[in-house]
> 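Here's a structure for you.
Numbers restart at 1 for each chain; the letters A, B, ... are given by sequence-line order, proteins then strands.
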Amino acid sequence: MQTTSLTLLHRLCQIDESDAWDRFVRLYSIGIYSWVRRQGFQHEDAADIVQDIFVTLLQKLPTFEHEGPKSFRGWLWTITRNKCRARARQRKLEFVPAEVCDGFAGKDDEPFAEEEFRRHLISQIATVIKADYTPDVWQAFWQHAVEGKPASAVAKTLGINLWAVYTAKAKIIARLNEEFADLVSD
Amino acid sequence: MSLIEEPIRDSCYSKAEIRAMLLGHLAPQDVQRHEHHLSVCPRCASLAESIGLDSGIASCFLGEDLPPPVSENDLEDVLARVCRIEQASRKPVTKSWSHLDLPEQLGPYHLKEFLGSGGMGVVYRAEDTVLNRLVAIKVIKTGADAETRAQLLNEARALAAVRHENVVTVYFVGEQPADDDGVATPYFAMELLEGQTLRDYMTSSRPSVEWIIQVGRQIAAGLAVVHDAGIVHRDIKPGNIWLEKLKGETSQPASPRSSHDAIPQVKLLDFGLAHQVSGLSGIRRAGTPAYVAPEQIRGADVDARADIFSLGCVLYELCTGQLPYPELKRLGARWDLTPPPIRTLNSDVPTQLATLIEKMVIVDPAARPASARMIQFELTNLATASNEPPTVTGQSDLTVEFPASAPQKTRLPVLSASLLLAAIAIAAISLLNSNSATDFHSDDHPASPQQTAPSMTVLAIQLPPATLSSDVLDDAWREKVLSKPPQLQLNEVLQRLALLNPKFDWLQGSGWVEPYGVIRITLDADTISDLRPVQVLDNLRVVRCRGSAPGTGTLSDVTPLSTLPLEELHCRNNPHLRDLSSVPLKHLNFLDASFTALETLEGFSEARLTQLKITGTKVSDLSPLRTMKTLRRLNCVGCPISDFTPLIGLPLRQLHADVQADRDQAVLRSIKTLETINQIPIAEFWKKLAETGSSSPSTELDD
Ligand SMILES: [Zn+2]
């Protein structure tokens with residue numbers, strides 16, 4: 001297997017890098033949890049589902065064959081969807097609102113649901129990497145690359161030079177593409 | 001703006017080149033030229049401008065079309081649950097380390113291999129090129145803000161002062177001066193160890209009761225000195241307890257229940273990997289939930305007793321194979337359960353041990369044993385009891401001390417393994433007190449008479465002053481030392497100390513270095529009696545030269561310190577040290593002369609001390625303190641003092657002393673600033689004193 005990029009997942013499987021693991025846990029547990037809540041599950045159920053998913057992940061990650069950026073996301077999506085279905089089925093016996101089950105009944109809206117799942121995960125990336133940067137660097141990236149403000153305006157607001165804004169942006173984007181390739185690449 | 005209209009100059013770049021230059025991948029000497037070009041060339045600037053995020057990603061980052069964030073409480077619960085699984089099921093992974101932005105050289109350390117990272121630190125295996133030995137170097141991440149860096153350095157500094165066989169040794173704390181990005185890189189050097197964590201051990205072996213007692217005793221001993229240094233570990237757990245491989249130990253596992261189970265040398269690890277932060281990340285970093293004390297989980301201020309709880313959990317688990325509060329939703333509020341009695345789970349555990357451990361894991365900190373020292377004593381007694389006949393010293397003789405020259409070729413990265421296990425909840429450490437000199441009371445009780453009685457017949461060995469200039473401090477040597485960077489100055493001095501004090505292993509000395517010089521030094525008075533080389537370090541603020549126990553120190557002469565701008569002097573446990581008249585008082589605010597031959601405080605009345613410790617000395621007269629309007633804390637247990645009136649009018653807050661109700665009550669009650677006596681809140685103290693009569697109550701053991 002050619003390892004072109006050192007993705008977060010790849011690093012998890014290859015080496016034991018606790019920082020990467022730390023980010024992994026936060027990103028995925030919170031991302032999955034918020035998506036599961038969005039499907040209508042209450043906190044206790046959603047937390048149980050996340051816990052279940054991690055039990056599975058921890059069992060299977062060491063032997064997981066990483067076959068390109070999308071496969072992990074797809075694999076995780078499958079696990080998550082199945083756990084949600086199982087929980088919804090189980091809950092149906094306990095008089096849970098019907099729409100919770102409906103969401104997992106068929107495959108009709110699957111592409112949409114998977115995309116939404118991915119968006120929930122991506123939305124957590126910023127919170128897990130922000131702390132690694134000084135506020136100026138992070139703000140330069142955020143205002144310029146995320147909010148789309150011109151670099152010159154950002155430089156002026158932050159009182160730093162244009163070069164600093166560009167380098168901040170380039171570095172963080174490069175890291176996103178490398179470490180979170182599973183999520184940010186199509 | 002149209003790109004086509006811009007002239008494409010020879011010096012222009014492609015988009016890929018611009019990306020590479022922004023990422024710092026091009027030659028560093030060209031950076032200024034690139035920066036200038038981007039500032040004057042609209043074409044290249046617009047290419048730089050166009051490097052961007054996919055709009056879908058940016059939209060996710062902004063939270064568009066996503067529900068509002070879920071509540072912090074819910075997230076904490078989710079994270080805590082995942083932490084628990086992670087802890088329970090994660091297996092050690094074969095290491096194949098990668099190199100990540102490996103800086104080549106930090107001070108004298110040549111970084112060789114990336115070992116791991118966690119919290120705010122990245123750990124490398126490194127070679128000390130000056131001392132020619134392998135060490136672990138922890139580099140504080142540059143992402144850390146100034147305040148965090150300062151705190152981590154403070155913690156490391158406090159830890160560096162701790163020298164104990166059961167605590168990982170920090171050799172050096174320093175800072176690489178700022179480079180181009182204007183940020184200095186703090187780092188520290190620690191010993192590399194060989195062996196495994198207790199966590200790893202527990203997955204494969206069930207220890208015998210003797211093993212548990214001996215290992216527990218060592219953990220408690222390590223904790224006791226750490227607490228003495230004013231540090232609370234905050235994350236005592238099997239993954240942070242290192243079992244150093246015994247010399248000659250084969251790789252064959254000992255039979256699980258054998259009473260001849262080799263007792264490993266214990267080292268406490270993972271200090272200062274992270275510091276406590278609030279909110280969501282606070283949960284992650286405040287410790288590993290399974291072993292963390294309830295008050296710590298609540299976010300209350302914690303003290304040494306939080307570590308005692310954690311140690312109790314570890315011992316409970318070793319004895320029973322399960323945690324005392326396994327079912328609890330530990331981040332919730334239900335602490336009203338009592339753990340199952342240990343002997344119902346394992347009847348091999350002696351009652352006395354079971355009772356001790358059960359006390360350690362009591363939810364209310366006030367009901368736990370008050371100090372790690374006390375636990376160490378109890379476990380020592382138990383060890384002796386279970387190992388009849390006792391060894392000569394009454395201590396386990398199975399604890400093997402390694403010479404510093406132990407073979408290093410097969411040494412494993414100690415910190416990496418612990419980092420590996422402490423993946424989510426990373427060790428936290430905190431200073432109890434910004435003054436790392438804070439001591440715990442137990443230390444200040446005089447030990448048995450034969451240990452403490454200063455032998456007045458032994459004269460201080462004074463070297464003739466003539467030798468001072470010739471062999472030790474000649475100008476050439478002084479010049480040579482001062483021409484070096486501060487860290488190497490420290491090394492030079494330590495080496496020279498070793499020449500003069502043959503038993504002193506200079507690799508065990510440590511210091512704190514600022515860009516302008518060495519400001520602290522910590523030496524072992526058991527092996528050091530001649531301090532003269534120290535005087536070349538004319539920025540020294542703190543000198544620690546303590547004996548390891550009352551009666552063991554060999555220091556008798558502190559005149560070499562007379563020219564230093566000393567703020568703290570720690571010279572306890574030096575039974576031949578009688579004369580402190582040469583100690584410079586101008587900046588001195590802390591003095592610990594407990595268990596020395598000091599007889600009088602005369603001459604100290606000019607000093608502006610905030611803390612004074614003279615426990616176990618022959619000092620009988622406190623009147624020189626009358627003018628010391630700065631004194632907040634006095635330890636004078638075991639001194640023949642019969643009159644506390646000189647203390648009236650001082651801002652004293654804490655007193656450790658032998659107090660007699662009838663004689664002293666009126667005097668001491670008139671000191672309105674007093675908060676505690678013998679670590680007992682003042683009101684409670686008088687109440688207890690009334691109950692017990694004349695003997696002075698204390699929270700600690702009296703032996
Ligand atoms: Zn150009």
Side-chain angles (χ1 to χ4, degrees), chain A residues 6 11 13-22 25-26 28-30 33-34 37-38 43 46-48 50-51 54-55 58-59 62 116 118-123 125-127 131-135 142 144-148 150-152 161-163 166-167 169-171 173-174 176 183-184 186, chain B residues 18-19 22-24 34-35 38-39 45 48-49 51-54 56-63 65-67 69-70 74-75 77-79 81-86 89-98 100 116-119 122 141 143 145 183 280-281 284 416 419-420 422-424 426:
Chain A
L6 199 66
R11 276 153 76 174
C13 294
Q14 273 273 308
I15 63 168
D16 199 278
E17 218 239 288
S18 62
D19 240 16
W21 175 253
D22 190 16
V25 166
R26 277 191 293 157
Y28 285 99
S29 61
I30 299 172
Y33 174 80
S34 78
R37 283 296 298 269
R38 178 75 157 190
H43 170 70
D48 277 354
V50 173
Q51 201 171 2
F54 269 86
V55 168
L58 283 159
Q59 286 165 349
E116 209 201 25
R118 179 190 169 206
R119 289 178 57 81
H120 277 260
L121 296 177
I122 292 172
S123 71
I125 294 177
T127 62
D132 294 345
Y133 301 94
T134 59
W142 189 265
H144 180 37
V146 179
E147 293 176 346
S152 54
N161 66 27
L162 202 61
W163 175 261
Y166 287 143
T167 53
K169 170 181 73 173
K171 280 179 181 158
I173 289 178
L176 292 173
L183 298 175
V184 300
D186 278 313
Chain B
I18 288 173
R19 183 179 280 118
L22 290 173
L23 292 174
H34 295 148
E35 190 175 343
L38 281 195
S39 70
E49 193 84 13
I51 294 171
L53 276 180
D54 179 281
I57 307 290
S59 138
C60 291
F61 272 29
L62 290 167
D65 303 324
L66 287 166
V70 287
D74 289 349
L75 291 184
D77 183 44
V78 171
L79 279 178
R81 291 194 195 198
V82 174
C83 288
R84 280 203 297 275
I85 320 162
E86 192 270 347
S89 66
R90 199 131 192 264
K91 291 179 184 65
V93 180
T94 330
K95 294 166 223 123
S96 61
W97 305 105
S98 75
L100 296 176
S117 78
V122 182
K141 285 181 192 166
D145 59 56
V183 182
L280 192 52
S281 45
R284 292 188 304 114
S416 63
L419 283 165
L420 188 149
I424 300 175
I426 298 155

> Please classify the contact between A:L176 and chain B as side chain, backbone, both or neither, with a heavy-atom cut-off of under 4.5 Å.
side chain

> Quick one: of B:I51, B:L38, B:L22, who has the most non-hydrogen atom pairs under 4.5 Å with chain A?
B:L22

> Give the member of B:G24, B:S39, B:G56, B:A45 that has the highest number of heavy-atom pairs under 4.5 Å with chain A.
B:A45

> With heavy-atom distances below 4.5 Å as the criterion, would you say the side chains of A:I30 and B:V78 are in contact?
no

> Between B:S59, B:A58, B:P67, which residue shows the highest count of heavy-atom pairs closer than 4.5 Å to chain A?
B:P67

> To the nearest 0.5 Å, what is the distance between OG (A:S29) and CG (B:L75)?
8.0 Å

> Check for a donor-acceptor pair, side chain of A:Y166 on one end and backbone N or O of B:E35 on the other, with a separation under 3.5 Å.
no

> Checking the side chain of A:K169 only, and the main-chain atoms of B:L53 only, is there a donor and an acceptor separated by less than 3.5 Å?
no

> Does the side chain of B:D65 reach to within under 4.5 Å of the side chain of A:E116, using non-hydrogen atoms?
no

> Is it the side chain or the backbone of A:R37 that comes within 4.5 Å of chain B heavy atoms, both, or neither?
side chain

> So how far is it from A:Y33 OH to B:L79 CG, rounded to the nearest 0.5 Å?
10.5 Å

> Please report the closest heavy-atom contact between B:F61 and A:W142, naming both atoms and the distance.
O-CH2, 3.3 Å

> If we only count heavy atoms from C-beta on, is the B:I57 to A:I122 side-chain gap below 4.5 Å?
yes

